[in-house]
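In listed order, ligands and their atoms are each counted from 1. By convention here, the first residue in the shown sequence is residue 1. These values consider heavy atoms only, across backbone and side chains, with no hydrogens, waters or symmetry-generated copies.
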Amino acid sequence: MIWRFGFCYNTLLRNGKDASKSIKAVLWQVGKRHSQNSVYSYPLRTIAYRRTPMQVATLDQEEQFVKAIPLKWPEFVKDILPTLNPEKHKGQCGRVAVIGGSFEYTGAPYFSAISSLRAGVDMAHVFCEDSAAIPIKTYSPELIVHPILTTFPKLDKTVEETAEYIASRVTEWLSSLHCVVIGPGLGRNTLILETVAHIIEEVTKRRIPLVIDADGLYLVSVKTEMLRNVTSPVILTPNRVEFNRLTRAFEIDDTSDAESLLKTLAKSVCPGAIIVQKGLNDLIAAAFSNVVVHCGEQGSLRRCGGQGDVLSGLMAAFSAWMQLNSNLTTPSEWFIPVYSACAMTRRCSLQAFKKKQRSMLTTDIIEEIWKEFNAVFPLSSL
Ligand SMILES: NC(=O)C1=CN([C@@H]2O[C@H](COP(=O)(O)OP(=O)(O)OC[C@H]3O[C@@H](n4cnc5c(N)ncnc54)[C@H](OP(=O)(O)O)[C@@H]3O)[C@@H](O)[C@H]2O)[C@@H](O)CC1
Ligand SMILES: Nc1ncnc2c1ncn2[C@@H]1O[C@H](COP(=O)(O)OP(=O)(O)OP(=O)(O)O)[C@@H](O)[C@H]1O
């Protein structure tokens with residue numbers, strides 16, 4: 001099987017500097033490494049790829065490409081960001097959904113969804129517990145809020161029947177979505193988690209990129225089989241506590257070094273897994289790669305709650321653009337949107353922290369998104 005190995009090689013080649021010298025390929029022969037059902041696999045096709053001719057890349061070259069991402073960022077991102085032009089209509093720059101929000105936690109899904117919108121997606125839905133909907137709507141008229149999740153089974157229905165029914169009301173929206181975030185403020189109610197398990201099944205069946213955070217990660221740790229065969233992109237963003245819970249759940253020997261642990265976890269979750277271990281540096285590993293990418297962009301010194309929600313929202317935006325870009329075809333390219341979300345979250349946090357210092361809140365970070373995006377990706381450069 002041959003995979004198109006894409007667009008950012010072209011960026012590398014165009015710029016032709018240091019890290020790019022050894023990377024000459026735009027295609028690579030996967031051969032034994034990936035099976036028919038391999039991650040993000042695409043049918044064999046011969047292409048005259050964009051600006052550069054077709055070549056065959058080795059696995060070593062693919063690794064070098066991934067390692068070059070922090071060096072070449074944000075140059076790599078240009079091919080992912082949607083252009084803005086007068087012919088586009090609403091939705092063409094991305095439609096995302098956050099599944100989360102409960103009686104206790106209404107801020108988290110708001111932070112996530114509004115961050116996606118501020119980054120530049122056109123529409124953001126929130127599917128939340130009924131009691132959370134009004135508060136979320138009052139935070140922002142921009143969000144489309146669906147009070148669909150419920151903590152009690154419907155009359156005459158079992159938990160399982162109710163979960164299936166409610167999941168079907170959410171999944172009828174999936175055909176219009178480019179990325180789904182699961183978890184911010186979701187809570188741990190049994191019926192809601194059961195409902196979300198059904199939704200995840202449908203999202204992955206349709207190969208829509210999935211971002212899993214917070215209580216969504218809790219669900220993964222109690223249902224370790226849930227994603228086992230998923231080959232579409234599943235991006236997990238655990239903090240320290242969530243990461244430890246996952247390694248315990250997947251019975252991974254935590255005596256190995258941090259990078260090995262992360263890679264083993266990614267391979268254990270599913271073939272499509274990409275894990276961001278958040279912390280002083282964000283570490284990114286994927287089930288389909290041997291490289292661990294470090295994002296060490298300077299962030300803030302404040303650790304107020306909600307910063308992980310901004311990350312999940314930006315992750316959804318970059319993932320939606322990746323999904324929308326039909327020229328993107330190789331799994332390793334997914335390191336680019338993931339790295340971009342990590343870097344941009346930290347950069348926005350730093351800008352907010354410079355202004356508000358000890359008083360910095362998550363809403364201050366969200367306030368910085370437009371400025372930081374304009375600074376890093378000016379419209380004139382696209
Ligand atoms: N405004 C809102 O609506 C927000 C809602 N949110 C939502 O809350 C829900 C629950 O989230 P959660 O599981 O993260 O529980 P949370 O109580 O935060 O932590 C549990 C304990 O773990 C520890 N700990 C945490 N991080 C750590 C670290 N990096 N490194 C080390 N330890 C760490 C710490 O324990 P400690 O040991 O410090 O006592 C902490 O008390 C979830 O749905 C989420 O989306 C959030 O998004 C925030 C904004
Ligand atoms: N020590 C640190 N220095 C700089 N940035 C950090 C540090 N720890 C975490 N971050 C950044 O803060 C963001 C949120 O990470 P954090 O670990 O706080 O997630 P979380 O606990 O899931 O957040 P939330 O409060 O939304 O649940 C990420 O972008 C991460 O890179």
Side-chain angles (χ1 to χ4, degrees), residues 70 98-115 119 126-129 131-133 135-136 138-140 143 149 151 181-189 192-193 196 211-222 235-249 258 262 275-284 293-318 338-354 357 360-366 368-369 372:
V98 175
I99 302 189
S102 53
F103 181 71
E104 289 83 3
Y105 306 120
T106 53
Y110 162 77
F111 293 147
S112 183
I114 203 78
S115 297
V126 175
F127 294 89
C128 60
E129 194 188 319
S131 59
I136 299 171
T138 59
Y139 303 152
S140 169
L143 304 177
L149 306 179
T151 54
V181 180
I182 303 242
L186 187 69
R188 296 184 184 174
N189 172 271
I192 288 186
L193 293 183
V196 167
V211 177
I212 307 185
D213 189 34
D215 301 309
L217 295 170
Y218 172 78
L219 176 62
V220 174
S221 70
V222 294
I235 302 160
L236 299 96
T237 55
N239 64 22
R240 172 74 64 80
V241 172
E242 291 155 348
F243 184 80
N244 291 343
R245 191 185 299 125
L246 286 169
T247 55
R248 278 196 307 276
L262 183 58
I275 302 186
V276 176
Q277 187 182 359
K278 296 178 289 195
L280 183 56
N281 287 326
D282 294 335
L283 303 188
I284 308 165
V293 173
H294 291 231
C295 178
E297 283 280 343
Q298 194 179 348
S300 85
L301 294 178
R302 270 278 279 161
R303 302 266 60 83
C304 60
Q307 299 185 56
D309 304 319
V310 174
L311 176 68
S312 69
L314 296 189
M315 197 67 79
F318 281 104
V338 173
Y339 182 89
S340 301
C342 294
M344 290 307 290
T345 304
R346 296 168 74 100
R347 290 177 74 109
C348 296
S349 301
L350 177 63
Q351 294 311 318
F353 182 70
K354 280 181 183 165
Q357 303 189 9
M360 187 202 87
L361 300 177
T362 297
T363 42
D364 299 318
I365 301 176
I366 292 164
E368 296 297 323
I369 293 177
E372 205 49 29

Enquirer: Any non-hydrogen side-chain atom of Met360 less than 4.5 Å from a side-chain atom of Ile365?
Expert: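 The answer is yes; the side chains approach within 4.5 Å.
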Enquirer: For atom 30 (N) of ligand 1, which protein heavy atom lies nearest, and how many Å away is it?
Expert: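 Answer, as residue, atom name and distance: Arg240 CB, 3.6 Å.
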Enquirer: Evaluate Ile114 against Ile369 for side chain to side chain contact (heavy atoms under 4.5 Å, CB included), listing each step before the verdict.
Expert: CA-CA 10 Å; Ile114 203 78; Ile369 293 177; over 6 Å; no
Enquirer: Atom 45 (O) of ligand 1: which protein heavy atom is closest, and how many Å away?
Expert: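 Sorting protein heavy atoms by distance from atom 45 (O) of ligand 1 puts Gly185 N, 2.8 Å first.
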Enquirer: Can you sort out which atoms of ligand 1 are near Ala214, meaning under 4.0 Å from one of its heavy atoms?
Expert: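 The atoms of ligand 1 under 4.0 Å from a heavy atom of Ala214 are 42 (C), 44 (C), 45 (O).
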Enquirer: So which protein heavy atom does atom 47 (O) of ligand 1 come closest to, and at what separation?
Expert: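 Answer for atom 47 (O) of ligand 1: Asp309 OD2, 2.8 Å.
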Enquirer: May I ask whether atom 41 (O) of ligand 1 is less than 4.0 Å from at least one protein heavy atom?
Expert: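 There is no protein heavy atom less than 4.0 Å from atom 41 (O) of ligand 1.
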Enquirer: Check Leu186 against ligand 1 and report side chain, backbone, both or neither, counting heavy atoms closer than 4.0 Å.
Expert: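 Contact part for Leu186 vs ligand 1: backbone (N, CA, C, O).
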Enquirer: Quick one: which of Val181, Leu149, Ile212, Val126 gives a side-chain contact (heavy atoms from CB on, under 4.5 Å) with Ile99?
Expert: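 Exactly one pass, corresponding to Leu149.
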Enquirer: Which protein heavy atom lies closest to atom 43 (O) of ligand 1, and at what distance to 0.1 Å?
Expert: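 Residue, atom and distance for the closest contact: Asp215 OD2, 2.4 Å.
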Enquirer: Of all residues at least two apart in sequence or in a different chain, which pass the side-chain contact (heavy atoms from CB on, under 4.5 Å) check with Tyr105?
Expert: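 Testing Tyr105 for side-chain contact (heavy atoms from CB on, under 4.5 Å), a comparison that skips the adjacent residues, returns Ser102.
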Enquirer: Among protein heavy atoms, which sits nearest to atom 26 (N) of ligand 1, and what does the distance come to when rounded to 0.1 Å?
Expert: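 Result: Asn239 ND2, 3.5 Å.
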Enquirer: Less than 4.5 Å apart, side chain to side chain, heavy atoms only: is that true for Cys348 and Val310?
Expert: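 No. Closest side-chain heavy atoms not under 4.5 Å.
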Enquirer: Heavy atoms only: give me the nearest Val293-Tyr339 pair and the separation to one decimal.
Expert: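 Heavy atoms only, the tightest pair is CG1-CD1, 3.6 Å.
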Enquirer: To the nearest 0.1 Å, how far is atom 21 (C) of ligand 1 from its closest protein heavy atom, and which atom is that?
Expert: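 Atom 21 (C) of ligand 1 sits closest to the protein heavy atom Val241 CG2, 4.9 Å.
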Enquirer: Around atom CZ of Arg303, are there more than 12 heavy atoms from other residues, nucleotides or ligands closer than 6.0 Å?
Expert: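 Atom CZ in Arg303 is crowded, with more than 12 foreign heavy atoms closer than 6.0 Å.
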Enquirer: Heavy atoms of the protein only: does one fall short of 4.0 Å from atom 36 (P) of ligand 1?
Expert: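 Not a single protein heavy atom is under 4.0 Å away.
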Enquirer: Does CZ belonging to Phe103 count more than 12 external heavy atoms closer than 6.0 Å?
Expert: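 No, because the 6.0 Å sphere around CZ of Phe103 holds 12 heavy atoms or fewer from other groups.
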Enquirer: Could you name the protein residues that come within less than 4.0 Å of ligand 2, counting only heavy atoms, and order them by chain and residue number?
Expert: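 Contacting ligand 2 under 4.0 Å are Asn239, Lys278, Gly279, Leu280, Asp282, Ser300, Arg303, Gly305, Gly306, Gln307, Gly308, Asp309, Thr345, Arg346.
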Enquirer: State whether any protein heavy atom lies less than 4.0 Å from atom 3 (O) of ligand 1.
Expert: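 So far as the 4.0 Å threshold goes, atom 3 (O) of ligand 1 is in reach of a protein heavy atom.
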Enquirer: To which of Glu242, Arg188, Arg303, Arg245 does the heavy atom nearest atom 14 (O) of ligand 1 belong?
Expert: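 Answer by nearest heavy atom: Glu242.
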Enquirer: Run the numbers for me: atoms of ligand 1, each under 4.0 Å from some heavy atom of Pro184, listed by number.
Expert: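 What qualifies from ligand 1 is 45 (O).
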Enquirer: Could you give the distance from CG (Asp213) to CE (Met315), rounded to the nearest 0.5 Å?
Expert: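 Separation between the atoms: 9.0 Å.
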Enquirer: What residues form a side-chain contact (heavy atoms from CB on, under 4.5 Å) with Gln351, not counting sequence neighbours?
Expert: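 Counting only residues at least two positions away or on another chain, Gln351 forms a side-chain contact (heavy atoms from CB on, under 4.5 Å) with Lys354, Glu368, Glu372.
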Enquirer: Only counting residues at least two apart or in another chain, list the ones meeting side-chain contact (heavy atoms from CB on, under 4.5 Å) with Asn189.
Expert: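 In terms of side-chain contact (heavy atoms from CB on, under 4.5 Å), with neighbours along the sequence ignored, Asn189 is linked to Thr151, Leu191, Ile192.
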Enquirer: Could you please spell out the steps behind the side chain to side chain contact (heavy atoms under 4.5 Å, CB included) verdict for Ser115 and Asp309?
Expert: CA-CA 8 Å; Ser115 297; Asp309 304 319; over 6 Å; no
Enquirer: Does Arg302 pair with Asp364 as a salt bridge, N-O distance under 4.0 Å?
Expert: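 No, this pair does not count.
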Enquirer: Is there at least one protein heavy-atom neighbour under 4.0 Å from atom 23 (C) of ligand 1?
Expert: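 Yes; the ligand atom in question has protein heavy-atom contact below 4.0 Å.
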Enquirer: So which heavy atom in the protein is nearest atom 48 (C) of ligand 1, and how far is it from that ligand atom?
Expert: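 Of the protein heavy atoms, Gly306 N, 3.5 Å lies nearest.
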Enquirer: Which bit of Ala108 is near ligand 1, meaning a heavy atom under 4.0 Å away: side chain, backbone, both or neither?
Expert: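 The answer is both, backbone and side chain.
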Enquirer: Do side-chain atoms of Ser112 reach the backbone of Ala108 as a donor and acceptor pair under 3.5 angstrom?
Expert: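 A pair under 3.5 Å: no.
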Enquirer: Is any N or O atom of Gly107, backbone or side chain, closer than 3.5 Å to an N or O atom of ligand 1?
Expert: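 Min N/O separation from ligand 1 is below 3.5 Å for Gly107.
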